[in-house]
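Okay, so here's the structure we're looking at.
Atoms within each ligand, like the ligands themselves, are counted from 1 in listed order.
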Amino acid sequence: MFEILEKQNLAEGIWLMKIHAPRVARSAQPGQFVIVRTDETGERIPLTISDYDPEQGSVTIVTQALGVSTRKICALEAGDSLADFAGPLGRPSDFVAEPLDELRGKRILFVAGGVGTAPVYPQVKWLHEHGVEADVIIGAKNKDMLIYTDAMRAVASELYIATDDGSEGFRGLVTDLIKELIDKQGKRYDVCVAIGPMIMMKFVALTTKAYGLKTVVSLNALMVDGTGMCGACRVTVGGKTRFTCVDGPEFDAHEVDFDEAMRRQGMYRTQEQRAAAIEAERAAGHKCRIGLDK
Ligand code: NAD
Ligand code: FES
């Protein structure tokens, strides 16, 4: 069992939980995810790691209460325990393996949208701890839905806020702010990392493509079982089929077929629809990939 050490409300329906999971905390890296189950019969929920502290033996997750299982997680309190907390899973962000002197010469822009701000934090924190500077844009519907602003300000080189209604920072979408920074403020970047709703990542990709700015997105939101078995997270990248949970979750944004990914995401909106879709995948002859070479 994995004890919830701390629970904090970040915004309406969005909860941060610090989980006692020393083995996961020791080996976690930015970009990776965990699979959570509240009880033995519970649905497997893949969640991107939002922070980790090997000394305390804790891993932070941020959950938005959207479906049956995420509401179950969010209803737990500090002192309660999760039945399963498996990880770290998925490939770490590519920059973790890059030589630091090369990385330090790069101008990096992170674009974080809504709940997707939480998984951006460990990436910017890791870079900060390794002497690499990165600018961050956080976008949200309004000032009440902004999360992680103080934590991000502490590790970002520059933090820019955009709200759809203008209640804090720049008024407009993150894509408008990217254009403002590049066209009007003369900012230049070598790489962009965007994490947030699929529609945001699609339009960030279109925007950065026009500038020839290499962009990486995290497609975690496509995942269902997170093991390479259900087939739900299939995505076409550069014309090839990829499994988000095994080959990702991060991919070259300019190669991702976002329209297909959004159609696929729509298929798995509720637990019941997910179960039906998995059965359909199996009936259509989807083969389990566990134990197979990529
Ligand atoms: P949201 O709808 O409030 O959007 C956040 C920001 O994204 C907006 O403020 C806006 O600046 C930008 N955006 C939205 N639509 C846009 C468009 N068409 N063009 C340009 N920019 C646009 O975000 P939310 O409600 O917090 O989103 C929740 C979603 O994020 C969930 O569906 C969840 O699946 C996804 N999510 C993804 C990840 C990931 O790893 N990719 C992690 C956590 C959450
Ligand atoms: Fe099921 Fe990737 S989430 S195969």
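The local environment of CD in Glu12 is sparse, with at most 12 non-hydrogen atoms from other residues, nucleotides or ligands closer than 6.0 Å. Around CG of Asp53, the count of heavy atoms belonging to other residues, nucleotides or ligands within 6.0 Å exceeds 12. Counting heavy-atom neighbours within 6.0 Å of Arg23 CZ, excluding the residue itself, gives a total of 12 or less. Other residues, nucleotides and ligands contribute over 12 non-hydrogen atoms within 6.0 Å of the CD atom of Gln185. Shown here is Glu133, whose CD atom has no more than 12 heavy atoms of other residues, nucleotides or ligands within 6.0 Å.
Taking the six-membered ring for Trp and thresholds of 30 and 60 degrees, Phe85 and Phe2 have ring planes inclined between 30 and 60 degrees apart.
Of all protein heavy atoms, the one lying nearest to atom 2 (O) of ligand 1 is Lys141 NZ, 3.2 Å. Distance from atom 20 (C) of ligand 1 to its nearest protein heavy atom, with residue and atom name: Thr175 OG1, 3.3 Å. Among protein heavy atoms, atom 19 (N) of ligand 1 sits closest to Phe203 CB, 3.5 Å. At the shortest separation from atom 36 (N) of ligand 1 among protein heavy atoms lies Gly196 O, 4.0 Å. In this structure, the protein non-hydrogen atom closest to atom 18 (N) of ligand 1 is Ile199 CG1, 3.4 Å. If you check which protein heavy atom lies closest to atom 5 (C) of ligand 1, you get Gly114 N, 3.4 Å. The nearest protein atom to atom 39 (C) of ligand 1, hydrogens excluded, is given as Ile195 CG2, 3.4 Å; this is a heavy-atom distance. Regarding atom 14 (C) of ligand 1, its nearest protein heavy-atom neighbour is Met200 CB, 4.1 Å.
Across the listed options Gly248, Gly31, Ala118, Pro197, Pro197 owns the non-hydrogen atom lying nearest to atom 23 (O) of ligand 1. Among Val174, Val204, Leu222, Ile178, the residue whose heavy atom sits closest to atom 11 (O) of ligand 1 is Val174.
Asp225 contributes OD1 as its N, O or S atom closest to atom 1 (Fe) of ligand 2.
Judged by the shortest distance from any of its heavy atoms, Ala140 lies inside the 4.0 Å radius around the atoms of ligand 1.
Taken together through direct or relayed side-chain contacts under 4.5 Å among Ile, Leu, Val, Met, Phe, Trp and Tyr, Leu16 and Ile61 form part of one hydrophobic cluster. Leu66 and Ile199 end up in different hydrophobic clusters when Ile, Leu, Val, Met, Phe, Trp and Tyr side chains are linked at under 4.5 Å.
If you put the vertex on atom 2 (Fe) of ligand 2, SG of Cys233 and SG of Cys245 sit 110° apart, to the nearest 10°.
Only side-chain heavy atoms of Met201 come within less than 4.0 Å of ligand 1; its backbone N, CA, C and O stay farther off. Using a 4.0 Å cut-off between heavy atoms, Asp164 contacts ligand 1 through its side chain alone, with no backbone atom that close.
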For salt bridge (charged side-chain N to carboxylate O under 4.0 Å, His left out), just list the numbers for Lys143 and Glu168, CA-CA rounded to whole Å, side-chain angles, deciding distance to a tenth of an Å, and then say yes or no.
CA-CA 5 Å; Lys143 68 175 171 39; Glu168 189 164 332; over 6 Å; no
Derivation of the salt bridge (charged side-chain N to carboxylate O under 4.0 Å, His left out) call for Asp150 and Arg153:
CA-CA 5 Å; Asp150 291 343; Arg153 197 167 277 115; 3.6 Å; yes
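Remark: ligand 2 atoms within the under-4.0 Å shell around heavy atoms of Met229 are 4 (S). Annotation for ligand 2: atoms under 4.0 Å from non-hydrogen atoms of Cys230 are 1 (Fe), 3 (S), 4 (S). Of all atoms in ligand 1, numbered sequentially from 1 with element shown, those under 4.0 Å from a heavy atom of Gly116 are 42 (C), 43 (C), 44 (C). If you number the atoms of ligand 1 from 1 as listed, the ones under 4.0 Å from a heavy atom of Ala221 come out as 34 (O), 37 (C). In the vicinity of Gly231, heavy-atom distances shorter than 4.0 Å reach the ligand 2 atoms 1 (Fe), 4 (S). The ligand atoms of ligand 2 that sit less than 4.0 angstrom from a heavy atom of Val224 are 3 (S). Ligand 2 places these atoms under 4.0 Å from at least one heavy atom of Gly226: 1 (Fe), 3 (S).
When all heavy atoms of Asp176 and Phe170 are compared, the closest pair comes out as CB-CE2, 3.6 Å.
With salt bridges taken as basic N to acidic carboxylate O contacts below 4.0 Å, one links Asp259 and Lys202. By the 4.0 Å N-to-carboxylate-O rule, Arg91 lies too far from Asp247 to be salt-bridged with it. The pair Lys187-Asp135 meets the salt-bridge criterion, since a charged nitrogen lies less than 4.0 angstrom from a carboxylate oxygen.
Not a single protein heavy atom sits closer than 4.0 Å to atom 31 (C) of ligand 1.
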